*Asks:* 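Questions regarding the structure given below will be posed in turn.
Please read these numbers as outputs of a predicted model, since none were measured by experiment. By convention in this document, chain letters (A, B, ...) are assigned in the order of the sequence lines, proteins followed by strands, and residues within each chain are numbered from 1.
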Amino acid sequence: MIYEIAGLKVEMNPKFDRLKRQSEAYKSLGEPVIRINPDFDGGLYALPDNCTAEDREYIYSSAAFCREIIPYGKFFLHASAVVLDGEAYLFSAPSGMGKSTHTALWLRQFKGSYILNDDKPVIFPENEGVTVWGTPFAGKTDLQVNLGVPLRAVCFLKQGNENSITRIDSERAIALTLNNTYRPKNSEEMNLLLDMIEKVVERADIFEMSCRNESAAAEMSYNAMKGNGF
Amino acid sequence: MHLIEGHILRRVHGNAVLVPPPEKDIGFNGMIAVNHTGEFVCKMLSEETDTESLAAALAKEYEIEEDRAKADIEVFLSELRSLNMLEE
């Protein structure tokens with residue numbers, strides 16, 4: 001079965017319902033450039049306890065996809081991507097830090113906003129600008145849309161009980177991006193990834209924030225990332 | 001001594017960064033952002049060298065006392081060592 005994910009033709013033959021269902025909107029035709037091996041152990045995440053064969057297929061396929069896209073000038077960011085007024089806002093952090101919780105606040109707060117991808121959006125620095133793509137790999141919530149949307153800003157979440165957001169310098173932005181993506185296992189691809197990260201920090205504003213689970217936090221992040229002053 | 005084989009030392013958006021070898025698992029998979037001095041030392045450490053040569057070169061380049069250069073270098077080297085980034 002051929003899918004088109006983040007603008008790339010991908011061959012994948014899911015046996016189980018989860019991957020089949022999440023990939024449904026990406027069905028395509030044509031010659032694949034990437035072939036997903038569902039047995040690939042990418043070491044991207046440790047498998048959870050009591051992992052079913054269905055979940056393993058999904059996790060390994062997503063890890064394989066994230067590894068294989070690097071040579072095509074694309075990389076994934078562990079993030080929840082929310083779209084408002086045609087622009088993508090990415091909230092990135094390791095699992096359990098409240099990415100999806102925060103973007104769920106946006107959905108309640110801002111009419112017309114939607115989740116592009118809730119776990120692994122793909123970032124594509126083009127000749128100009130940066131495009132964010134939805135993928136079938138959306139984590140637990142399965143919130144995802146098969147679309148490419150221009151990137152507005154990226155925000156990394158950190159621990160804290162206060163609502164606080166600051167723009168960060170490129171050095172910190174590079175380190176945090178590297179910590180929240182798949183690290184290539186050879187120098188050539190690592191350099192490609194660093195080239196891509198360079199373009200993202202050049203072209204997008206990057207922030208770091210701590211926040212509470214309340215609507216004021218969504219207002220704060222929106223105003224800062226939109227550039228309305230805060 | 002020298003930096004571990006396969007390391008990446010480059011600029012990303014003007015920042016000098018040192019990345020562990022992608023091919024190896026050395027128990028450290030972050031990156032080290034280095035300043036001008038650090039970058040200078042790392043470039044020298046891309047080839048076999050020793051503390052004395054590094055201190056002499058650093059003292060000359062930045063017009064500082066060799067003793068001070070040596071002290072700075074030892075701190076930097078012990079940081080690299082703790083991250084398994086040095087081969088000795």
*Asks:* Counting only heavy atoms not in A:Glu11, do more than 12 sit closer than 6.0 Å to its CD atom?
*Replies:*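 Yes, the 6.0 Å shell around CD holds more than 12 heavy atoms from other groups.
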
*Asks:* Looking at B:Glu88, I want to see if its CD is surrounded by more than 12 non-hydrogen atoms of other residues, nucleotides or ligands under 6.0 Å.
*Replies:*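 More than 12 heavy atoms, drawn from other residues, nucleotides or ligands, come within 6.0 Å of this atom.
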
*Asks:* Return yes when atom NZ of B:Lys60 has more than 12 non-hydrogen atoms of other residues, nucleotides or ligands closer than 6.0 Å, and no otherwise.
*Replies:*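 No, the 6.0 Å shell around NZ holds no more than 12 heavy atoms from other groups.
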
*Asks:* Could you tell me whether B:Arg11 atom CZ has more than 12 heavy atoms of other residues or ligands within 6.0 Å of it?
*Replies:*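 It does: B:Arg11 CZ has more than 12 such atoms within range.
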
*Asks:* Just wondering, are more than 12 heavy atoms of other shown residues or ligands nearer than 6.0 Å to CZ in A:Arg56?
*Replies:*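 At most 12 heavy atoms, drawn from other residues, nucleotides or ligands, come within 6.0 Å of this atom.
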
*Asks:* A quick test of your reading: do over 12 heavy atoms of other residues, nucleotides or ligands sit less than 6.0 Å from CD of B:Glu48?
*Replies:*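 Yes - once you tally the heavy atoms of other residues, nucleotides and ligands closer than 6.0 Å, there are more than 12.
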
*Asks:* Could you tell me which portion of A:Asn191 (side chain, backbone, both or neither) has an atom closer than 4.5 angstrom to a non-hydrogen atom of chain B?
*Replies:*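 A:Asn191 touches chain B through backbone and side-chain heavy atoms alike.
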
*Asks:* Measuring from B:Asn15:CG to A:Arg172:CZ, what's the distance to the nearest 0.5 Å?
*Replies:*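 So the CG of B:Asn15 and the CZ of A:Arg172 are separated by 13.0 Å.
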
*Asks:* Which atoms form the tightest heavy-atom contact between A:Arg183 and B:Gly30, and what is the distance?
*Replies:*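 Smallest heavy-atom distance, with atoms named: NH2-O, 3.0 Å.
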
*Asks:* Taking all heavy atoms of B:Arg10 and all of A:Leu194, pick out the closest pair and write down the distance.
*Replies:*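 Closest approach of B:Arg10 to A:Leu194, heavy atoms only: NH1-CB, 3.5 Å.
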
*Asks:* When you measure from the side chain of A:Glu202 to the backbone N and O of B:His13, does any donor-acceptor pair fall under 3.5 Å?
*Replies:*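 No, because the side chain of A:Glu202 does not come within donor-acceptor range (under 3.5 Å) of the backbone of B:His13.
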
*Asks:* Looking at every non-hydrogen atom in both residues, tell me the closest pair between B:Pro22 and A:Pro184 and how far apart they are.
*Replies:*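 That would be CB-O, 3.4 Å.
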
*Asks:* Heavy-atom pairs under 4.5 Å with chain B: which of A:Asn186, A:Ile197, A:Leu178 has the most?
*Replies:*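 Maximum pair count with chain B is reached by A:Asn186.
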
